[in-house]
Amino acid sequence: MKNFLLGASLFGNAALAYLLLKDDDRMANLKKKANEFTEAGKQKGEELVSLGKQKANELSEAGKQKASELSEAGKEKSEQAKTAADDSLDEQLTKLKERAGIDQAN
């Protein structure tokens, strides 16, 4: 009986060791998968940050270009308005001189 109990105890210990080691393998496998997912997430995050920076730079450049275009258009409109005002003043001065009878040669 003593040998039987010793054999059963050894078998129980072997079975328990197998289960513990089997769980360690599962845990190691789970840890490995978790690390893989973490690394994949980090890479995807870095890609998204890089893409975000690229898009921000593109939008910034487009904004600068549009502001430059608007500035040039504003300068052109301003110059046209100034020219139109000068022409209008010259025209009004000519009409006033005609009314007053002043010689245009002066």
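Throughout, numbering of the chain's residues begins at 1 and tracks the sequence.
- D86 contributes atom CG, which lies 12.0 Å from atom CG of L93 (distance to the nearest 0.5 angstrom).
- Between the CG atom in L96 and the CD atom in E98 there is a gap of 9.5 Å [rounded to 0.5 Å].
- Between K42 and E46 no salt bridge is recorded (no basic side-chain N to carboxylate O distance below 4.0 Å).
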Legend entry - Verdict with supporting geometry, S9 and L5, side chain to side chain contact (heavy atoms under 4.5 Å, CB included): CA-CA 6 Å; S9 175; L5 290 176; over 6 Å; no
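- The distance from atom NZ of K82 to atom CG of D87, rounded to the nearest 0.5 Å, is 10.0 Å.
- In this structure, the separation between CG on L6 and CE on M1 is 12.5 Å, given to the nearest 0.5 Å.
- Between the side chain of S78 and the backbone N or O of G74 there is no donor-acceptor pair closer than 3.5 Å.
- Going from atom NZ of K33 over to atom CD of E36 covers 8.5 Å, rounded to the nearest 0.5 Å.
- In this structure, T83 contributes its side chain and E79 its backbone to a donor-acceptor pair below 3.5 Å.
- Atom-to-atom distance recorded for L51:CG and E58:CD is 8.5 Å, nearest 0.5 angstrom.
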